[in-house]
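Notes for the one structure printed next.
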There are 2 protein chains.
Amino acid sequence: MKIAVIGDGGWGTTLAIILSKKGYKISLWGAFPEYVDCLKEKRDNVKFLPSIPIPKEILITADLEEALSDSRVVILAIPSQFMRSIVSKLKGFDFSDSTIVSVTKGIENKTLKRMSEIIEELLGEVKLAVLSGPSIAIEVARGIPTTVVTASKHEKTSYKIQEIFSSGRFRVYTNPDVIGVELGGALKNIIAIASGMSDGLGFGANTKAALLTRGLAEITRLGVSMGADRRTFEGLSGMGDMVTTCISPHGRNRWLGEEIGKGKKLEDVVSKTEMVVEGVSTTESAYELSKRNNVDMPIIHEIYAVLFKNKDPLLAVNDLMKRESKSEME
Amino acid sequence: MKIAVIGDGGWGTTLAIILSKKGYKISLWGAFPEYVDCLKEKRDNVKFLPSIPIPKEILITADLEEALSDSRVVILAIPSQFMRSIVSKLKGFDFSDSTIVSVTKGIENKTLKRMSEIIEELLGEVKLAVLSGPSIAIEVARGIPTTVVTASKHEKTSYKIQEIFSSGRFRVYTNPDVIGVELGGALKNIIAIASGMSDGLGFGANTKAALLTRGLAEITRLGVSMGADRRTFEGLSGMGDMVTTCISPHGRNRWLGEEIGKGKKLEDVVSKTEMVVEGVSTTESAYELSKRNNVDMPIIHEIYAVLFKNKDPLLAVNDLMKRESKSEME
């Protein structure tokens, strides 16, 4: 069976490699022909997944038609704010025999849509799943034990994706709650920025645990108001992914937060990396979603104020600590 | 108001210090007169909380009567397997005007009782609260922002404890679920041992997040079967404390697991520290509780096998990764 991976960032490349090693025929598509040529020549994704050899069996291409030809599974691994423009290019193709899998974690700014909503809006009724969870790309590429979750409205589709991706080092759970899995994966990046700020301010594990726990509580509140199952946020795509993103030295969102905690300005930090730091645009989307759905999200509002209103990070932490005494169950 | 802290370990000493700084009159009791003399002389808990000055206003004593005299709050900060013998010594005292607070995280091996159950068994009906959450002692002592939770059967008692302990750097939530708060705080130490093993084996953030998430799922299953509210495990004493214990470089349980992951034997690791590594005895208790309550706890069973049956840690991880494919919601 042939699988197309659309997006040659770190995660797309990793999935291409592990699926190729499982024996599938893989095509890996990149949007920039020059970088695709570099990948083909070096067989190493020097910018986004350095020092992991790309097996010669993988077809690397900038030609969508070549990538998609005969593919029964199409994996979309595209930065969230580019999902719409790339999926628009897929409109002419026939996906009646294919399963589409979104592995992107984000929410479109203008529309506040999840990735699967954009895909369905543009492609209509397709067999669609999402894959999310605590899966730092470089660790998966190195064969470190990892667990993820796949969600689909159609049970059969999630079983199919579970079977295709599972291996002795990559354990895949299923979950019927597409909304919860997508929101958890997207929103945790904001808490990772908050964790990084706490690190940058010189705080410790206690502060980080507080941010994660209370952050997950507010993400759960928002998710439930949008139709998600609250149990999903206790799972791999909620709590699990949040833990990884907040502790891994490889996490870009945590890193960005740390720089800001040390006093840097957002635009200066963003300009230092070629990678997309999803949490920045997700903070804008979450801020709007919390207002639209009338959900109390104190941590996310403080992060919004720090990133976009120049609020001092230390003042933001102090304001969070000084709120009125509460019950945990509120 | 006078507060007695029973137990001169790192956590008892920390609570004595922060409450003294809030203006309460504090007595700090230790079981070993020689070490108490050392504390009095150096005003520094060199073994368990080094380099944090103990304010001269704190009365340090090995005399229980002196410690308890006129105390309206009595904080029990004693290793779990010694809780019974120390509380036995409190039997003759009158606690009708006092509130007792357990800050110990563990389960008694022989009886499988929680700390508050032991206290109630020995002292009868007293005003009793527990305090738990992500609170590495040295960080609290240094004024790093920390959040905790206090639970009591009596709402008024938890509000009282919340008020007494709260400060701008120590935020206290309330929760009515005593069982859940105690079980979360105790059982997370087993997952911290598992996380340490993963570190010792050279694994990464993905593996740790998987252990935390699936570990919390099995702790929640056990807790609910014992009468706890599942939401408590999403909170500070569940997920929150687990995160801190699994990521902090100061965590003894994580450290013990790491040594075992590197191939050391349990008895050799335990003999290397004067501190009590609560997770070891808690693993025995949890193993028995899972059998008694007929709850599936695969991670805890693997940790039990590694600690007490000489199972190879790598084999334990492989066995966890190779279990039958599942839904997250099971």
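As the structure is a computational prediction, the values presented were derived from the model and not from experiment. Residue numbers start from 1 in every chain, and the chains themselves are labelled A, B, ... in the order their sequence lines are given, proteins ahead of strands.
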Honestly, the part of B/Phe170 sitting under 4.5 Å from a heavy atom of chain A is backbone
Chain B shares the most heavy-atom pairs under 4.5 Å, among A/Met242, A/Met239, A/Glu163, A/Lys208, with A/Met239
All heavy atoms of A/Glu328 vs all of B/Asn175, minimum pair found to be OE1-ND2, 2.9 Å
Ranked by heavy-atom pairs below 4.5 Å to chain A, first place among B/Ser167, B/Gly238, B/Ala209 goes to B/Ala209
Test side-chain contact (heavy atoms from CB on, under 4.5 Å), reference A/Asn206, set B/Thr147, B/Ile138, B/Thr146, output is B/Thr146
Counting heavy-atom pairs under 4.5 angstrom with chain B, the leader among A/Ala151, A/Ala210, A/Gly240 is A/Gly240
Closest non-hydrogen contact found for A/Leu314 with B/Arg169 is CD1-NH2, 4.2 Å
Under 4.5 Å to a heavy atom of chain A? For B/Leu236 that would be both
Output for pair (B/Arg171 CZ, A/Arg214 CZ), nearest 0.5 Å, gives 7.5 Å
Under 4.5 Å to a heavy atom of chain B? For A/Val148 that would be neither
Among A/Ile144, A/Val243, A/Val149, the residue with the most heavy-atom pairs under 4.5 Å to chain B is A/Ile144
If one checks every heavy atom of A/Thr232 against chain B at 4.5 Å, the contacting part turns out to be both
Bottom line for A/Leu211: the part with an atom under 4.5 Å from chain B's heavy atoms is neither
Does the A/Glu234 side chain pair with the main chain of B/Glu234, one donor and one acceptor, at a distance under 3.5 Å? no
Cut-off 4.5 Å, heavy atoms of chain A, and the answer for B/Asp241 is neither
Applying a strict 4.5 Å limit to non-hydrogen atoms, the region of B/Arg142 in contact with chain A is neither
Tightest non-hydrogen contact, residues A/Gly235 and B/Thr213, listed as C-CG2, 3.3 Å
Most contact-rich option vs chain B, by heavy-atom pairs under 4.5 angstrom, among A/Phe203, A/Phe233, A/Tyr173, is A/Tyr173
- So does A/Lys153 have more than 12 non-hydrogen atoms from other groups sitting under 6.0 Å from NZ? no
One option among B/Ser237, B/Gly202, B/Gly204 has the most heavy-atom pairs under 4.5 Å with chain A, and it is B/Gly204
Okay, B/Thr150 and chain A: the region with an atom under 4.5 Å from a heavy atom over there is neither
Problem set entry | B/Thr207 side chain to A/Pro145 backbone, donor-acceptor under 3.5 Å | yes
Bottom line for B/Ile247: the part with an atom under 4.5 Å from chain A's heavy atoms is side chain
message = Please determine whether the number of non-hydrogen atoms from other residues, nucleotides or ligands lying under 6.0 Å from atom OH of A/Tyr159 exceeds 12.
response = no
Whatever's closer than 4.5 Å to a heavy atom in chain A on B/Pro249 counts as neither
* Assess whether atom NZ of A/Lys22 is packed by more than 12 heavy atoms of other residues, nucleotides or ligands within 6.0 Å. => yes
